[in-house]
Engineer: 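First the structure, then my questions, so here it is.
Note that the structure is a prediction, hence the values are computed from the model and not measured. When reading the values below, keep in mind they use all heavy atoms of this one structure, side chains included, and skip hydrogens, waters and symmetry mates.
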2 protein chains.
Amino acid sequence: MARITGSNGARTAAAIRRVALRLIYRQGFAAMNLRDLAAQVGIQPSSLYNHIVSKQALLSDLMQEHMTALLTATDAAVAAAGPVLMDRLRAFIGHHVLYHTERRHEVYIANFELRALDPANHARIVAMRAGYEARLMALLREGVDAGELDIADIPVTAFAMLAMLTGICTWYRPNGRLGKAELVALHTELALNGIRRR
Amino acid sequence: MARITGSNGARTAAAIRRVALRLIYRQGFAAMNLRDLAAQVGIQPSSLYNHIVSKQALLSDLMQEHMTALLTATDAAVAAAGPVLMDRLRAFIGHHVLYHTERRHEVYIANFELRALDPANHARIVAMRAGYEARLMALLREGVDAGELDIADIPVTAFAMLAMLTGICTWYRPNGRLGKAELVALHTELALNGIRRR
DNA sequence: GCTGGAAACGAAGGTACGTTAGTTTCCAGA
DNA sequence: TCTGGAAACTAACGTACCTTCGTTTCCAGC
């Protein structure tokens, strides 16, 4: 046997990425091995290399795609919220929570597998992440300047908010006790109450 | 050569744990290898086995010791705060932040290397962690019952608070811009403002 | 209907890792 | 002073991993 009847490059490539996300999420990048990945995709290990450059490049690609998608979706959500600051801040938070429940594998990996990247890839992903953090800091800065928010230290507050909101993807499970809408509402209030002028 | 002049079992064992904490923190458990660990301790790889049972047991021991220390120290800090609820809650938060800046390697590992534990060790550590979370939930429940706190969902709120407070150890560096006392104050206010009755 | 490339296969190379075995040296306690 | 065990050493085993190589098969486009 060699090429399988009905095999399809695009479909296999998509399956590799989908399975890889799940395996890396569950076991970590270093602990994941390409034999398991290939087996779950349904091909031989060597066939992976028709679709990936290397294990490292696979991780790097997954992360880069995720960060690009996150930044794009975030900008769209904030822009759709209109001009009022607190609406935009709510949109940022709500979108963040929603995105982190719906794509928790990608998010978890992007947050906790940075150290598995080689230096060049690491620098690129970290820069994108800094861009995301900068968007939140800019909103906080606006709120402080407008007198609507009371924040002692913008960078630390931004990190704390993101840590809280990102923590969701470590325990969230679909079919859990709370629905997505409730999680969004709950976290939005928690975060905003923490920084609102009183 | 064989046994080195002046070698000392207790000192070597301590060095192994110290170096292992640093390596696992930086690279992750799966990516850390015993040859590097031994080299940084200053012994041969095989000599590690005079002090550890296996790589897995080393991780498990480090985590168990950390969780025991955390629970003990937390209980002491809360008990020392006296009987007033908000004092105890502040003590819990403040102690958490302080502990997480001072022992960020242990904390980070205990939070993010759970999946590297084999099932038996995993169950034991998760149970201890649940105990920690339960302590915070009990304080929140007290606050709600006393009418001092306004919390929509105690478990989710506890997870969110812990995620926020634990996030510190992913970016905190000694000699950073802010001192520990400032971080404690800042995070305490952020967390309490999020849940205080208004 | 042919054909070239895409996409799979089987086999294996080379390395790095955790661990074990057997040996040697030091030192505390008798 | 002698000795047994603690703690180090050297050497190596077996495995698992990422990756490469050469081959085979399918199918889209001419």
Engineer: Just say parallel, tilted or perpendicular for the rings of His105(B) and Tyr25(B), cut-offs at 30° and 60°.
Structural biologist: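 Parallel, since the angle between the ring planes stays under 30°.
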
Engineer: Asn33(A): which residues meet the side chain to side chain donor-acceptor pair (under 3.5 Å) condition with it, sequence neighbours left out?
Structural biologist: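 In terms of side chain to side chain donor-acceptor pair (under 3.5 Å), with neighbours along the sequence ignored, Asn33(A) is linked to Asp36(A).
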
Engineer: Just by distance, with hydrogens left out, do Gln27(B) and Arg115(A) show a side-chain donor and acceptor under 3.5 Å apart?
Structural biologist: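 Looking only at side-chain atoms, Arg115(A) and Gln27(B) do not form any donor-acceptor pair under 3.5 Å.
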
Engineer: Whole-Å distance between dA8(D) P and Tyr49(B) OH?
Structural biologist: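 Interatomic distance, OH of Tyr49(B) to P of dA8(D): 15 Å.
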
Engineer: Rounded to whole angstrom units, what separation is found between the CG atom of Leu48(A) and the P atom of dA7(C)?
Structural biologist: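 Checked: the CG to P distance equals 14 Å.
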
Engineer: Roughly, in whole Å, what's the span from CG in Leu37(A) to P in dA16(D)?
Structural biologist: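 In whole Å, dA16(D) P lies 18 Å from Leu37(A) CG.
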
Engineer: Can you identify which nucleotide, out of dC17(C), dA8(C), dT19(D), has its nearest atom closest to the Lys55(A) side chain?
Structural biologist: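 Ranking dC17(C), dA8(C), dT19(D) by closest atom to the Lys55(A) side chain puts dT19(D) first.
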
Engineer: Ignoring hydrogens and angles, does a donor from either the side chain of Ser54(A) or the base of dT19(D) sit under 3.5 Å from an acceptor on the other?
Structural biologist: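 Result: no qualifying N/O pair found.
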
Engineer: With sugar-phosphate meaning primed atoms plus P, OP1 and OP2, does Gln44(B) contact a base, only sugar-phosphate, or nothing at under 4.0 Å between heavy atoms?
Structural biologist: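 Base contact.
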
Engineer: Answer yes or no: side-chain N or O of Asn33(B) and base N or O of dA16(C) forming a donor-acceptor pair under 3.5 Å.
Structural biologist: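 No.
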
Engineer: Send over the distance from Gln56(B) CD to dG18(C) P, rounded to a whole Å.
Structural biologist: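 So the two atoms are 12 Å apart, to the nearest Å.
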
Engineer: Does the dA6(C) base have a donor-acceptor partner in the side chain of Asn50(A) within less than 3.5 Å?
Structural biologist: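 There is none.
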
Engineer: Whole-Å distance between dC17(C) C1' and Gln27(B) CD?
Structural biologist: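 Going from Gln27(B) (CD) to dC17(C) (C1'), I get 14 Å.
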
Engineer: Distance check needed: dA7(D) P versus Ile43(B) CD1, whole Å only.
Structural biologist: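 Going from CD1 in Ile43(B) over to P in dA7(D) covers 11 Å.
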
Engineer: Find out whether the Lys NZ or Arg CZ of Lys180(B) is both under 6.0 angstrom from the six-membered ring centre of Tyr172(B) and within 45° of the ring's axis.
Structural biologist: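 No cation-pi geometry.
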
Engineer: Does a side-chain N or O of Ser47(B) approach OP1 or OP2 of dA7(D) to a distance below 4.0 Å, or not?
Structural biologist: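 It does not, given that no N or O in the side chain of Ser47(B) lies less than 4.0 Å from OP1 or OP2 of dA7(D).
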
Engineer: Tell me the interatomic distance from Leu58(B), atom CG, to dC17(C), atom C1', rounded to whole angstroms.
Structural biologist: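 Going from Leu58(B) (CG) to dC17(C) (C1'), I get 15 Å.
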
Engineer: Quick check on dA6(C): is either OP1 or OP2 less than 4.0 Å from any side-chain nitrogen or oxygen of His51(A)?
Structural biologist: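 False: His51(A) side-chain N/O out of range (4.0 Å or more) of dA6(C) OP1/OP2.
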
Engineer: For the side chain of Ser46(A), counting heavy atoms from C-beta on, which of dA8(C), dC17(D), dG10(C) is nearest?
Structural biologist: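 Of all the options, the side chain of Ser46(A) is nearest to dG10(C).
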
Engineer: Taking the six-membered ring for Trp and the full ring for Phe, Tyr or His, determine whether the centres of His187(B) and Phe159(A) are under 6.0 Å apart.
Structural biologist: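 Here the rings of Phe159(A) and His187(B) have centres that are no less than 6.0 Å from each other.
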
Engineer: How long is the line joining CG of Leu34(A) and P of dT19(D), in whole Å?
Structural biologist: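 Going from CG in Leu34(A) over to P in dT19(D) covers 6 Å.
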
